[in-house]
Amino acid sequence: MSVEQWLDAIKSGPPPGAASDWTIDQNFEGYSEAEHRLWTKLYERQAELLPGRACDAFMHGLEALDLHGAGIPDFARVNEKLMALTGWQIVAVPGLVPDAVFFTHLASRRFPAGNFIRRPEELDYLEEPDVFHDVFGHVPMLTDPVFADYIQAYGKGGLRALKLGHLQNLARLYWYTVEFGLLATLQGLRIYGAGIVSSYAESIFALESDSPNRLGFDLERVMRTPYRIDDFQEVYFVIPSLEFLLDQTTSTDFAPLYARLEGLSDIPIEAIESNDKVFSRGTQDYACAGGRRHSA
Ligand code: PHE
Ligand code: FE
């Protein structure tokens, strides 16, 4: 779906065949053999790469949900396990959904996941999140009780941010935690962000490249930092624990924070501020060389 089609779709409500909350049937029987094989290929690549790179919560979740390499998972089967663990569920949607719809699902412990899989030529680059990103990337973390509560709180916070007109600040929090977050452990940095963990190349880049900055997570700082959606990140934010993330965000009333942010400028993506806790000061060589535009 193009951006124009997507905007039209939002204005006109859910697409034909979808319920009023934009959910659809996964249509598990409808996947082709080739689509199942594509999942397995993606799964096997990541399963080999992630031990020692992804955090324990992710690896345990992957194990607990049995998202093995036997093809695209049946949401109904995954949901039995997920529901028993943390009360979360996956619901199928046709693609990106409007913000309010997305937040309402999260606030009710339902994670919207695209039911379609990327085309084989998009193995490493996606414009719209597919079932591999949404399920392999996001769902293992939902088996962690702390992270499960964080995403639900985020959904409630999203509805509030919409009303307060500060969605952009809150979206940055999602981006730099749920999608591209790193976790400090005694064994070194580990990935918990879904956007990293579902990408072969970024799973390596985020931890091993000299190019990006890796900075300590600070709520206000993150909310002032724009992000790029078209290439590897130029900065990753590191949390000390999942509990810290949950405590910080749920014990802070964001309304005064949003008000304060109105008087503060954005921080350039590649900047390092004097207050930042620096895990690594990046060279930004990758971004300066033109990133994906030049390496493709
Ligand atoms: N504390 C936030 C608020 O006052 C809600 C929130 C919690 C947002 C956790 C994101 C994550 O809006
Ligand atoms: Fe995502």
Side-chain angles (χ1 to χ4, degrees), residues 42 46 54 58 61 88 90-93 95-97 99-118 122 125-142 144-181 191-199 202-203 206 217-223 227-230 232-233 236-237 239 241-262:
L42 290 162
Q46 292 313 92
F58 180 89
W88 270 82
I90 315 172
V91 291
V93 290
L96 292 171
V97 301
D99 296 320
V101 174
F102 183 66
F103 295 141
T104 302
H105 280 303
L106 297 187
S108 321
R109 289 173 104 87
R110 289 190 300 263
F111 195 83
N115 68 338
F116 62 95
I117 192 153
R118 66 197 69 187
E122 295 173 311
Y125 183 71
L126 270 195
E127 287 190 8
E128 199 181 9
D130 72 341
V131 65
F132 188 75
H133 168 80
D134 283 337
V135 175
F136 181 93
H138 285 283
V139 177
M141 288 302 291
L142 292 174
D144 181 274
V146 173
F147 205 74
D149 285 352
Y150 172 65
I151 304 275
Q152 179 179 26
Y154 184 91
K156 293 183 186 162
L159 293 170
R160 192 167 179 226
L162 271 178
K163 282 193 212 107
L164 296 172
H166 278 272
L167 191 55
Q168 188 188 54
N169 299 117
L170 196 76
R172 291 170 176 175
L173 175 64
Y174 191 86
W175 192 263
Y176 283 120
T177 60
V178 180
E179 294 291 354
F180 291 95
I191 308 162
Y192 72 93
I196 308 176
V197 114
S198 62
S199 157
E202 196 150 359
S203 292
F217 175 88
D218 175 273
L219 187 57
E220 182 176 305
R221 202 300 182 194
V222 164
M223 286 193 175
Y227 54 84
R228 49 186 314 166
I229 61 164
D230 59 336
F232 297 149
Q233 301 305 302
Y236 298 92
F237 289 96
I239 56 169
S241 67
L242 299 174
E243 289 80 4
F244 175 89
L245 180 62
L246 179 66
D247 289 351
Q248 277 271 295
T249 49
T250 51
S251 67
T252 307
D253 179 356
F254 285 12
L257 179 53
Y258 293 146
R260 188 158 75 243
L261 289 171
E262 283 174 22

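We number each residue from 1, following the sequence as shown. Both ligands and their constituent atoms are indexed starting at 1 by order of listing.
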For ligand 1, run through the N/O pairs with the protein that fall under 3.5 Å and put one pair on each line.
unit_1, atom_1, unit_2, atom_2, d
ligand 1, 1 (N), T249, O, 2.7
ligand 1, 1 (N), T252, O, 2.7
ligand 1, 4 (O), R160, NH1, 2.5
ligand 1, 4 (O), F254, N, 3.0
ligand 1, 12 (O), R160, NH1, 3.1

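- For a distance bound of 2.8 Å, the N, O or S atoms of E179 include one lying that close to the Fe ion (ligand 2).
- Note: F147 and Y192 have perpendicular aromatic rings, judged against thresholds of 30 and 60 degrees for the angle between ring planes.
- Closest N/O/S atom of H133 to the Fe ion (ligand 2): NE2.
- Taking the ring centroids of H166 and F254, they lie at or beyond the 6.0 Å cut-off.
- Aromatic rings from F136 and F58 are positioned such that their centres are separated by under 6.0 Å.
- Under the 4.5 Å side-chain criterion, counting only non-hydrogen atoms from C-beta, E179 is in contact with H133.
- Ring geometry for F180 against Y236 counts as tilted: the plane angle lies between 30° and 60°, on a 0 to 90° scale.
- Residue pairs that meet the salt bridge (charged side-chain N to carboxylate O under 4.0 Å, His left out) test with at least one member in residues 150-167, sequence neighbours left out, are R160-D253.
- Side-chain atoms of T249 come within 3.5 Å of backbone atoms of L246 as a donor-acceptor pair (strictly under, hydrogens ignored).
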